[in-house]
Amino acid sequence: MRGTKMLPVTAAAFLLALTTACGGGDGSDSDTDAASGTPEPEMTADSDQEPAAENETEEESAPEQDSALALGESSGPVPYVVEHSDGERWEATVEVTVDRVELGENAALEGHFDAEDVEGLRPAAVYITLAHVSGDDLTYNYAGTNLRLRTAEGESSTEIAMIGNLPFEGRCSDDVGSPQEELPAGAVIEKCKTVLVPEDSDPAEVEIYMGPSYFRSDPANLIWNLA
């Protein structure tokens, strides 16, 4: 598996992002990767991985899993726990379903990113249904959005570092829930994350880390087969 690095937006895109509503900052990882610009609550995360700094590399591999879920199949009840640095703790049970992955074109990225950063890449929007089965109400919930989209060759998606939603075709639609949206017990919402994937290879699987903070590879991660 290749290392990762930051994928910045252009200065023009950064200024445009500042004028949009913050929240729903979409992205995922790849040969290149970056942390989303969406703010997160301060917490002592279950994750041991911090967001990658620019040009910082890391090694990661997909977790072992006996059987992957099919696209549209629910994970069933899984725990979601958030421990804040102030000692507050949220414990909930949720269900996650990867509904679909919509692919865009490389040309749509023109003017929003430096051309050399997105050469050979295209946007992919990963749509997810998240159901809060029971437990504490969740504020700033990131359940289901800490994900990697991988190709059959094992390449991981590229994380987009941005503030707000850049208006390029192929990204998540504006009518899906923000990662910052509150999720009370009993609620069901649609979420989405935009990432970049290689143009010359189709996505093969979605891997989701159910920790509260940054993505990390873990044997307990959930995997959906897109074939």
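The closest side-chain heavy-atom distance from Cys192 to Val126 is not below 4.5 Å. Residues Tyr80 and Trp90 form no side-chain contact, since every pair of their non-hydrogen atoms from C-beta on lies 4.5 Å or further apart. Under the 4.5 Å side-chain criterion, counting only non-hydrogen atoms from C-beta, Ser217 is in contact with Glu207.
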(request) List the steps, then state whether side-chain hydrogen bond (donor to acceptor under 3.5 Å, both in side chains) holds for Thr97 with Asp99. (result) CA-CA 6 Å; Thr97 304; Asp99 298 314; 5.1 Å; no
(request) Dump the intermediate steps for side chain to side chain contact (heavy atoms under 4.5 Å, CB included) on Leu130 and Val94, then the final yes or no. (result) CA-CA 7 Å; Leu130 179 66; Val94 301; 3.9 Å; yes
(message) Please determine whether salt bridge (charged side-chain N to carboxylate O under 4.0 Å, His left out) holds for the pair Arg122 and Asp202, giving the CA-CA distance in whole Å, both sets of side-chain angles, and the decisive distance to 0.1 Å.
(response) CA-CA 11 Å; Arg122 57 180 169 171; Asp202 290 329; 3.1 Å; yes
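One distance of note links CD1 of Ile208 with CG of Asn146; it measures 9.0 Å at 0.5 Å rounding. Going from atom CD of Glu205 over to atom CD1 of Ile223 covers 5.0 Å, rounded to the nearest 0.5 Å.
The aromatic rings of Tyr209 and Phe215 lie perpendicular to each other, with more than 60° between the two planes, well past the 30° mark.
In the hydrophobic clustering of this structure, Val98 does not group with Val188; members are Ile, Leu, Val, Met, Phe, Trp, Tyr whose side-chain heavy atoms approach within less than 4.5 Å, directly or through other members.
Nearest heavy-atom pair, Ile160 versus Thr194, reported as atom, atom and distance to 0.1 Å: CD1-O, 3.9 Å.
The stretch residues 100-110 participates, sequence neighbours left out, in these salt bridge (Lys or Arg N to Asp or Glu O under 4.0 Å) pairs: Arg100-Glu102, Arg100-Glu190.
Between the side chain of Asp218 and the backbone N or O of Ala220 there is at least one donor-acceptor pair closer than 3.5 Å. In this structure, Ser74 contributes its side chain and Gly76 its backbone to a donor-acceptor pair below 3.5 Å.
In terms of the side-chain contact (heavy atoms from CB on, under 4.5 Å) criterion, residue partners of Asp137 (sequence neighbours excluded) are, by chain and number, Pro184, Ala185. In this structure Thr93 satisfies the side-chain contact (heavy atoms from CB on, under 4.5 Å) test together with Pro77, Val133, Ser134, sequence neighbours excluded.
Between the side chains of Glu153 and Ser201, at least one donor N or O sits under 3.5 Å from an acceptor N or O.
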